[in-house]
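Beneath this line is the structure, given in structure tokens, with notes to follow.
Just the heavy atoms: all of them, side chains too, but no hydrogens, waters or symmetry mates, feed the values below. Being a predicted model, the structure only gives us computed values, none of them experimental.
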Amino acid sequence: MARAKSSTSTVAPKLQLSPQGIERGIARLGERISELQAFDVGTLVKGRSAEITALEVAIKNTLTRCFGEGTSAYDLYERAAHLQHYSMVISRGEVVDYATPTRRNIGNAVALLTQAQLALMEDLADLDLEPTPSLPAISAPVPQELSRRVFVVHGHDEGARET
């Protein structure tokens with residue numbers, strides 16, 4: 001029986017990437033999508049291959065760099081890293097089809113990573129819409145220590161007296 005997630009678990013805040021970091025994340029996700037689309041399921045031996053294991057690790061690494069591990073965004077797309085199919089029932093003499101479910105897993109991963117790319121593109125667009133921070137306010141000059149000296153002026157010439 002599956003356990004429900006604990007309500008006390010904490011979700012890490014989403015990574016705040018710079019515009020360049022977001023663009024790099026979009027490119028990295030595109031590379032993972034291309035790698036998935038180029039994968040030949042005919043290379044699977046009993047559902048496993050070194051190449052598909054490497055793809056799973058690359059996808060997890062990319063998601064961590066883009067969203068941060070343990071964040072809600074990472075959790076949304078983390079399923080993309082589950083590519084291999086493990087057969088639950090194997091009977092003697094029966095040939096197990098690993099290609100079809102793995103192909104389906106790869107299709108799901110491509111869809112998830114494409115959605116992750118779109119989310120980053122939206123984040124980038126949101127950054128462009130945010131107002132640029134205004135120049136820092138000029139702070140009032142620090143008052144100098146007051147002197148106890150007094151200069152007294154008197155006379156009838158108002159202009160000279162005021163200066």
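Note: Glu69 CD to Asp75 CG = 9.0 Å, rounded to the nearest 0.5 Å. If you take CZ on Phe67 and CG on Leu120, they are separated by 4.0 Å, rounding to the nearest 0.5 Å. Here CG of Asp123 is found 8.0 Å from CD of Gln16. Values are rounded to the nearest 0.5 Å. Distance check, rounded to the nearest 0.5 Å: OH of Tyr74 to CZ of Arg65 gives 13.0 Å.
Partners of Ala111 according to the side chain to side chain contact (heavy atoms under 4.5 Å, CB included) rule, which considers only residues two or more places apart in sequence or in another chain, do not exist here. Ala119 is linked by a side chain to side chain contact (heavy atoms under 4.5 Å, CB included) to Tyr77, counting only residues two or more places apart in sequence or in another chain. The side chain to side chain contact (heavy atoms under 4.5 Å, CB included) search around Thr53 returns Gln84, not counting sequence neighbours.
Proximity of Leu36 to Leu83: side-chain heavy atoms (C-beta onward) are separated by under 4.5 Å at one or more points. Annotation: side chain of Leu113 is in contact with side chain of Leu63 (closest heavy-atom distance under 4.5 Å).
A distance-only check finds a donor-acceptor pair linking the side chain of Thr71 to the backbone of Gly68 [under 3.5 Å].
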N/O donor to acceptor pairs below 3.5 angstrom from side-chain atoms of residues 20-35, sequence neighbours left out:
residue : atom : partner : partner atom : Å
Gln20   : OE1  : Ser18   : OG           : 3.4
Arg32   : NE   : Glu35   : OE1          : 2.9
Arg32   : NH1  : Thr62   : OG1          : 2.8
Arg32   : NH2  : Glu35   : OE2          : 3.2
Ser34   : OG   : Gly30   : O            : 3.1

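In terms of heavy-atom proximity, Leu17 sits nearest to Cys66 at CD1-O, 3.4 Å. The shortest heavy-atom contact between Ala109 and Ala80 is CB-O, 3.3 Å. Residues Ala99 and Val41 come closest through the heavy atom pair CB-CG2, 4.0 Å.
When the side chains of ILVMFWY residues are joined at heavy-atom separations under 4.5 Å, either directly or via intervening members, Leu127 and Leu118 end up in a single hydrophobic cluster. When the side chains of ILVMFWY residues are joined at heavy-atom separations under 4.5 Å, either directly or via intervening members, Val57 and Leu44 end up in two distinct hydrophobic clusters.
Residues in residues 108-122 take part in no side chain to side chain donor-acceptor pair (under 3.5 Å) pair, two or more places apart or across chains. Applying the salt bridge (Lys or Arg N to Asp or Glu O under 4.0 Å) test to pairs two or more places apart or on separate chains, none has a residue in residues 109-119.
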